[in-house]
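Following this message is one structure expressed as structure tokens.
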Amino acid sequence: MFNLKGQNSNGRRGELVTPHGMLQTPFFMPIATKASVKTLSSFDIEQLGSPIVLSNTYHLWLRPGMDVMKEMGGLHRFMDWHDAILTDSGGFQVFSLSGLRKLTEEGVEFQSHIDGAKMMLTPELCMQIQRTIGSDICMVLDVCTELPAKPGEIERALELTTRWAKRSKDEFERTREESINPGALLFGIVQGGTDLELRKRSAQELVDIGFDGYSIGGLSVGEPFEEACRVLEALDSILPKDKPRYFMGGAQPHEIVGYVQRGIDMFDCVLPTRNARHGTLYRFVHDDLSRPDFYEMIHATNEKYKYSKDVIGSEGELSRYTMGYLRHLFSVNEMLGMRLATMNNVKFYLELMEKLRKTIEA
RNA sequence: GGGCAGAUACCCAAGCGGUCAACGGGGACAGACUGUAAAUCUGUUGGCUCCGGCCUUCGAAGGUUCGAAUCCUUCUCUGCCCA
């Protein structure tokens, strides 16, 4: 259930109720693709204050596999995570593993990137897997296309996504009662590339089917920020006001500000966690989020931090260590460096969302 | 004292007459990363540059040659073996 509490030029402010807690929107989800936010424990994420993490159907399906997931009582118990979980469907892997899959009406035939085994992921199986995982917010299996795409490809992907969305919803309802998490939500995924007419069509078809929320997929795949904004603006009047809107896969902090202004309620992105592992840290520079330079990205590995006694962050664990120490950890490839950087960046994104929520309320 | 092997850029290490400012690693430096096949990938790593080149380099000093990191001589240093 979604409760839109207010809306203005700064964005939408709401509450999303899931079986594992009520989430204040807009919010950001750290990514735990393979049942772990890389380098962090569930305890760490709790400490950092995230009420939700995102995991992945395709990856958990391959490993540990659904027999393990079933035996261990679902992902919440498996990773000892007590708050909400959203699972992506594997639709992004249609894009990122495009060399290893074949699309048919029936579903996606993946050639496992691990052992090469051929595995068929259908919209129905995708729902069953997410039910077994015990996800709170499930995604329909969609077809995420690359940009630019060959003529007709975006349209075909969109149409297939819609047909799969219908099948997904039917299967989602069919499996509700037997599920370990019957109160889970199901989101449809809007496709259509950067073609506004296709986008509107995709959204309308999904709205006709009816979902608990609407994801905007197929963005953050290389298109310019302005182009993504146009898509969001085109969708605004079609997507129901009383349902949450989820921008899949993005973005950089200043882009998130722009997307929130255009009505987005939910985000996820690998940038904070991946960048952290690669030594790039986010930090606030100004309080005014309308300034494009309200934050900076620094390379902790840079020589200029060699003798730096500045602490990494202002509070908690991060206030105990210097940039000089962090730089050292990265130079000698000590895992703690990646962990501290990840904590810093996840904290940054969570704080960004907190600031945005306050901006809307003000 | 004698014999053999070797000395190449920050380190290791190719090269054995011209296409060599010198392969490949490592290190160092810089950058990229957007629903995670990602602790990954890319670039730079002698100096100067009007970006066409120019200059100085392969232990040292001489020499041979049109031309040497590559061949010769001597020296210095290192390792191994024999006395």
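In what follows, every chain begins at residue 1, and chains take the letters A, B, ... in the order their sequences are listed. Keep in mind the model is a prediction, meaning the values are calculated, not measured.
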Under 4.5 Å between any side-chain heavy atoms of Arg13(A) and Gln7(A), yes or no?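 In short, these two side chains do not touch, never coming nearer than 4.5 Å.
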
Write down the distance separating the P atoms in C41(B) and G25(B), rounded off to the nearest Å.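 These two P atoms come out 12 Å apart once rounded.
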
Complementary nucleotide for G1(B) - Watson-Crick or wobble, under 3.5 Å: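 Across any shown strand, G1(B) pairs with C82(B).
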
In whole angstrom, give the distance that lies between atom CE of Met297(A) and atom C1' of U34(B).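 Taking CE of Met297(A) and C1' of U34(B), I get 10 Å after rounding.
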
Under the rule for salt bridge (Lys or Arg N to Asp or Glu O under 4.0 Å), what residues qualify as partners of Glu351(A), not counting sequence neighbours? Lys347(A)

Please say whether the positively charged group of Lys355(A), taken as NZ for Lys or CZ for Arg, lies over the ring of Phe284(A), i.e. under 6.0 angstrom from the six-membered ring centre and within 45 degrees of the axis.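 Yes - Lys355(A) lies over the ring of Phe284(A), closer than 6.0 Å to its centre and within 45° of its axis.
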
Would you mind classifying the nucleic acid contact of Glu334(A) as base, sugar-phosphate or nothing, using non-hydrogen atoms under 4.0 angstrom? nothing

Is a salt bridge present between Arg201(A) and Glu205(A), judged by a nitrogen-to-oxygen distance below 4.0 Å? yes

Rounded off to whole Å, could you give me the CZ-to-C1' distance for the Phe267(A) and G35(B) pair? 13 Å

Check: residues 250-261 of chain A side-chain donor-acceptor pairs under 3.5 Å, at least two apart:
from	atom 1	to	atom 2	distance (Å)
Gln252(A)	OE1	Tyr282(A)	OH	2.8
His254(A)	ND1	Tyr295(A)	OH	2.6
Glu255(A)	OE1	Gln252(A)	N	2.9

So what does Leu54(A) hit on the nucleic acid, given a heavy-atom distance under 4.0 Å: a base, only sugar-phosphate, or nothing? sugar-phosphate

Shared ILVMFWY cluster between Leu54(A) and Phe2(A), side chains joined below 4.5 angstrom?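 In one cluster: yes.
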
In this structure, are over 12 heavy atoms from other groups packed under 6.0 Å from Glu71(A) atom CD? no

Below 6.0 angstrom between ring centroids: does that apply to His20(A) and His82(A)?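 So the answer is no for these two rings.
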
Using a strict 4.0 Å threshold on nitrogen-to-oxygen distance, state whether Glu124(A) and Arg167(A) make a salt bridge. yes

Contact list for RNA chain B against residues 222-251 of chain A - heavy-atom distance below 4.0 Å: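 Within this stretch, Met248(A), Gly249(A), Gly250(A), Ala251(A) sit under 4.0 Å of the strand.
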
Could you give the distance separating A69(B) and C23(B) at their C1' atoms, to the nearest angstrom? 14 Å

Under 4.0 Å, heavy atoms only, any strand: does Gly337(A) hit a base, just the sugar-phosphate, or nothing?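 The answer is nothing, as Gly337(A) stays clear of every strand by at least 4.0 Å.
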
In the structure shown, which nucleotide is the Watson-Crick or G-U wobble counterpart of C71(B), with both distances under 3.5 Å?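 Per the H-bond distance test, G63(B).
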
Among Thr87(A), Asp136(A), Asn181(A), which residue satisfies the side chain to side chain donor-acceptor pair (under 3.5 Å) criterion with Gln130(A)?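 Only one of Thr87(A), Asp136(A), Asn181(A) forms a side chain to side chain donor-acceptor pair (under 3.5 Å) with Gln130(A), namely Thr87(A).
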
G-U wobble or Watson-Crick pairing nucleotide for C16(B) (cut-off 3.5 Å, both distances):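 Paired with no nucleotide.
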
Base, sugar-phosphate, or nothing for Leu219(A), non-hydrogen atoms under 4.0 angstrom? nothing

Touch check for Asp268(A), heavy atoms < 4.0 angstrom, all strands: base, sugar-phosphate only, or nothing?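 The answer is sugar-phosphate, as Asp268(A) gets under 4.0 Å only of primed atoms, P, OP1 or OP2.
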
Taking the side chain as C-beta and beyond, is there a heavy-atom pair between Arg283(A) and Ile298(A) under 4.5 Å?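 Result yes, sub-4.5 Å side-chain heavy-atom pair found.
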
Describe the nucleic acid contact of Glu255(A) in one word from base, sugar-phosphate, nothing, applying a heavy-atom distance below 4.0 Å. base

Under a 3.5 Å limit on both distances, the Watson-Crick or wobble mate of A7(B) is U76(B)

Spacing of the C1' atoms in G26(B) and G35(B) (rounded, Å): 37 Å

Consider only side-chain N and O atoms of Tyr246(A) and Asp268(A), and report whether a donor and an acceptor are under 3.5 Å apart.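 Result is yes, a qualifying pair exists.
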
Ile298(A) CD1 to G31(B) P, straight-line distance once rounded to whole Å: 11 Å

Please give the distance between the P atoms of U64(B) and C16(B) as a whole number of Å.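 Approximately 25 Å lies between the P atom of U64(B) and that of C16(B).
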
What is the distance, rounded to the nearest whole Å, between atom CG of Leu271(A) and atom P of G31(B)?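 Rounding to the nearest Å, CG of Leu271(A) and P of G31(B) are 16 Å apart.
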
Check the distance between U34(B)'s P and Glu146(A)'s CD and give it to me in whole angstrom.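 Nearest whole value for this atom pair: 14 Å.
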
Using the C1' atom as the reference point in each nucleotide, state the distance between U49(B) and U56(B) in Å, no decimals. 15 Å

When you compare the protein's N or O atoms with those of nucleotides 39-47 of chain B, which come within less than 3.5 Å of each other, and at what distance?
from	atom 1	to	atom 2	distance (Å)
A39(B)	OP2	Arg277(A)	NH1	2.6

Does Gln93(A) make a side-chain N or O approach to OP1 or OP2 of G35(B) shorter than 4.0 Å?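 Negative; the distance criterion is not met.
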
Closest to the Lys34(A) side chain, choosing from U36(B), A38(B), A37(B): A38(B)

Between the protein and nucleotides 26-30 of chain B, which nitrogen or oxygen pairs come in under 3.5 angstrom?
from	atom 1	to	atom 2	distance (Å)
C29(B)	OP1	Arg327(A)	NH2	2.1
A30(B)	OP1	Glu303(A)	N	3.1
A30(B)	OP2	Glu303(A)	N	3.4

Between Gly217(A) and Arg274(A), which is nearer to the 5' end of RNA chain B once each is assigned its nearest nucleotide? Gly217(A)

Would a hydrophobic clustering, with Ile, Leu, Val, Met, Phe, Trp and Tyr connected at side-chain separations under 4.5 Å, put Leu318(A) with Leu350(A)?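 Per the 4.5 Å side-chain linkage, Leu318(A) and Leu350(A) are co-clustered.
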
Indicate, with a heavy-atom threshold strictly under 4.0 Å, whether Ser215(A) touches base, sugar-phosphate, or nothing.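 The residue Ser215(A) makes no contact with any strand.
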
After noting the C-alpha distance and the side-chain angles of Arg163(A) and Lys166(A), does the key distance pass the side-chain contact (heavy atoms from CB on, under 4.5 Å) rule? CA-CA 5 Å; Arg163(A) 289 197 295 275; Lys166(A) 179 78 182 87; 5.9 Å; no

Has the side chain of Asp142(A) got a donor or acceptor atom sitting under 3.5 Å from an opposite partner on the base of G35(B)? yes

Does G46(B) pair with anything, Watson-Crick or G-U wobble, both distances under 3.5 Å, and if so, with which nucleotide?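 The base-pairing partner of G46(B), which may sit in any strand shown, is C55(B).
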
If we take the C1' atom in both U70(B) and U19(B), what is their distance in whole Å?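 Roughly 15 Å separates the two C1' atoms.
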
Just to be sure I understand the geometry, which residues of residues 156-168 of chain A put a non-hydrogen atom under 4.0 Å away from RNA chain B?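 Residues of residues 156-168 of chain A that come under 4.0 Å of RNA chain B do not exist, since none gets that close.
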
For G53(B) and C58(B), measure between their C1' atoms and round to the nearest Å. 23 Å

Measure OH/Tyr282(A) against P/U34(B) and give the value in whole Å, please. 10 Å

May I ask you to evaluate whether Thr33(A) reaches the phosphate of U36(B), defined as a side-chain N or O under 4.0 Å from OP1 or OP2?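 For Thr33(A), the contact criterion (side-chain N or O under 4.0 Å from OP1 or OP2 of U36(B)) is met.
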
Is Asn275(A) close enough to A32(B) that one of its side-chain N or O atoms is under 4.0 Å from OP1 or OP2 there?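 For Asn275(A), the contact criterion (side-chain N or O under 4.0 Å from OP1 or OP2 of A32(B)) is not met.
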
Separation of the P atoms in C71(B) and G6(B), to the nearest angstrom: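 Each nucleotide's P atom is 10 Å from the other's.
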
Spatial distance of atom CG (Leu141(A)) from atom OG1 (Thr57(A)) [nearest 0.5 Å]: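 OG1 of Thr57(A) is found 8.5 Å from CG of Leu141(A).
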
Any strand is fair game: report the nucleotide pairing with A37(B) by Watson-Crick or G-U wobble, both distances under 3.5 Å, or none. none

Do Asp44(A) and Ser41(A) get their side chains close enough for a donor-acceptor pair, meaning under 3.5 Å?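 Side chains of Asp44(A) and Ser41(A): pair found under 3.5 Å.
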
Using the ring of each side chain (for Trp, its six-membered ring), is His328(A) parallel, tilted or perpendicular to Tyr325(A), with breaks at 30° and 60°?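 Answer is parallel, since the angle falls under 30°.
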
